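In this text the structure is predicted, and so the values were computed from the model without any measurement.
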There are 2 protein chains.
Amino acid sequence: MIPKIKKINLGTQLMDTMISLIENGTWKAGEKLPNEIELANSFSVSRNIMRESMKILENFGILDSKTGIGTYISDNAISNICNMRFFESLKNNTSIEKLLETRLIIEPELAYYATLRATDEEIETLKIVLEEDTKKHLITNFFHTDDFHFHLHVAKYARNDILENLLTTILEQLSADAYGNFNKFVDNSVKIDSFNDHMAVFGAIQKRDPLLAKEIMYHHLFARMKVINPDYGTNLIYSEKIRNDRLKEN
Amino acid sequence: MIPKIKKINLGTQLMDTMISLIENGTWKAGEKLPNEIELANSFSVSRNIMRESMKILENFGILDSKTGIGTYISDNAISNICNMRFFESLKNNTSIEKLLETRLIIEPELAYYATLRATDEEIETLKIVLEEDTKKHLITNFFHTDDFHFHLHVAKYARNDILENLLTTILEQLSADAYGNFNKFVDNSVKIDSFNDHMAVFGAIQKRDPLLAKEIMYHHLFARMKVINPDYGTNLIYSEKIRNDRLKEN
DNA sequence: ATCGATTTGTTCGTATGTATT
DNA sequence: CAATACATACGAACAAATCGA
């Protein structure tokens with residue numbers, strides 16, 4: 001398969017050079033840029049192209065244009081360039097395994113924090129979410145994106161916006177990707193196991209037992225990972241048993 | 001303090017309406033859009049403004065323009081809209097505590113995976129990084145961004161691009177923010193503790209003891225958190241002791 | 001293989017609204 | 001109030017790429 005090279009147009013070239021100007025310190029944070037016409041001239045492009053590039057950088061929080069005053073380099077331009085790169089990597093990332101691994105890392109912790117931070121009302125909501133899933137589960141071949149409602153609710157109750165949003169994009173990517181279709185044809189026993197795991201996680205949250213919620217969530221996701229890659233974790237030694245052994249040693 | 005409402009210009013309005021058109025299903029993924037002139041007419045804006053908005057959406061991977069052919073809605077437009085929102089939240093998020101909490105959640109796991117996946121050469125590199133830090137530590141009042149080299153290397157060796165990039169942006173935000181300055185004036189004992197933690201994490205990685213690396217990293221970051229918010233975690237029960245107790249009970 | 005139609009890429013000229021002085 | 005500097009917005013045009021006849 002030949003990788004499609006997108007022909008670089010003036011706009012993206014401009015964007016890239018402006019970013020490097022900021023990164024190498026030629027343009028410093030807080031600094032005022034020359035006006036659009038001068039800029040366009042100095043880069044030898046038209047004003048519209050100049051504007052298109054600047055608009056994109058403005059949208060990324062790297063530039064800051066104020067009507068009638070001028071355009072400035074954002075105070076946190078460098079940090080937003082970093083964000084932009086993160087975003088790029090997220091956009092191009094297609095490895096289902098890495099997406100699942102990320103879930104494996106963050107979701108047990110989210111379950112842990114959700115157990116500590118969810119209000120009683122929120123736990124009731126979670127119960128309702130599960131009950132609705134039960135209905136779907138009994139009636140149709142429920143799965144795929146439906147499965148995600150529970151996880152997203154748990155993430156919300158953990159009160160960490162960053163990781164909640166990260167999980168949202170990961171789940172969105174998983175359901176958009178082949179993984180979404182894959183799940184439709186997965187063996188029924190896997191679905192049932194998965195559903196029971198949800199019930200167990202909920203039970204732990206309801207009992208306000210954060211460590212238990214965390215452990216169950218981990219094993220739930222680890223089982224999912226095993227479905228798409230049976231070899232995963234053969235080099236890993238994270239397991240209840242070994243952990244127990246280690247802790248008893250001390 | 002009055003929140004500054006950025007006067008919505010035509011471009012951002014257009015962008016928002018186009019996104020809702022995609023989200024509510026009026027524009028479906030893979031669909032071809034009318035040409036720029038027709039679009040501009042139907043939205044009653046000039047072609048330039050139309051282009052500016054489309055360029056931004058293209059940059060986010062929501063639209064896909066091909067010279068001489070036309071503009072299409074990306075196949076994974078919805079998932080990229082989600083990414084965009086994540087990016088927005090990351091851009092506006094200023095809570096140092098949430099940034100640190102995210103580190104507290106992901107970095108122990110990254111240390112864990114790094115211990116399992118780092119090559120012997122990479123562990124040597126890590127050693128050199130630490131030695132360089134030692135020199136800086138002895139000579140100048142080393143800290144703040146210097147402290148981050150070690151963490152970023154560990155993240156890299158964990159072989160999870162998503163979380164490595166997330167950590168990079170978090171550390172970048174922390175050093176850009178007040179936190180960076182704050183760290184400059186922190187008590188010297190804190191610096192020494194922190195440095196010793198790094199040594200201990202490295203020791204665990206070198207011994208190929210992933211659980212130990214994870215535990216030390218956790219306590220290292222928890223201590224950092226306590227510096228900026230002494231009350232943090234008083235409602236948390238995550239601790240070696242309690243975990244031990246729980247596991248021995250069973 | 002050439003031509004024409006279509007569509008994005010790019011440029012220029014001009015007018016308007018807004019903020020500073 | 002007037003002058004200035006600037007971003008915002010529009011319209012017309014040409015160039016380059018693509019596709020189908």
- Within this structure, what is the CG-to-P distance between Asn41(A) and dG13(C), rounded to whole angstrom? 11 Å
- Task: Nearest whole angstrom, please: distance from the C1' of dT8(D) to the CE of Met50(A).
- Result: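 Result: 16 Å.
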- Item | Straight-line distance of Arg51(A) CZ to Leu39(A) CG, nearest 0.5 Å |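 Here the interatomic distance stands at 12.0 Å.
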- Task: State plainly whether the residues Glu109(A) and Arg103(A) are in salt-bridge range, i.e. N to O under 4.0 Å.
- Result: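 The answer is no: the pair does not qualify as a salt bridge.
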- Message: For Glu107(B), is there an ion pair with Arg224(B) - N to carboxylate O distance below 4.0 angstrom?
- Response: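 No, no charged N to carboxylate O under 4.0 Å.
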- Task: With the side chain counted from C-beta on, respond yes when Asn76(B) and Gln173(A) share a heavy-atom pair under 4.5 Å apart, and no when they do not.
- Result: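 No, every pair of side-chain atoms sits at 4.5 Å or beyond.
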- Query: When every nucleotide of nucleotides 3-11 of chain C is labelled 5' to 3' by its protein contacts under 4.0 Å (heavy atoms), B for base, S for sugar-phosphate only, - for none, what sequence of letters results?
  - Reply: ---BBBBBB
- Query: Considering residues at least two apart in sequence or located in another chain, which fulfil the side-chain hydrogen bond (donor to acceptor under 3.5 Å, both in side chains) criterion with Asn229(A)?
  - Reply: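 For Asn229(A) the side-chain hydrogen bond (donor to acceptor under 3.5 Å, both in side chains) partners, ignoring immediate neighbours, are Glu97(A).
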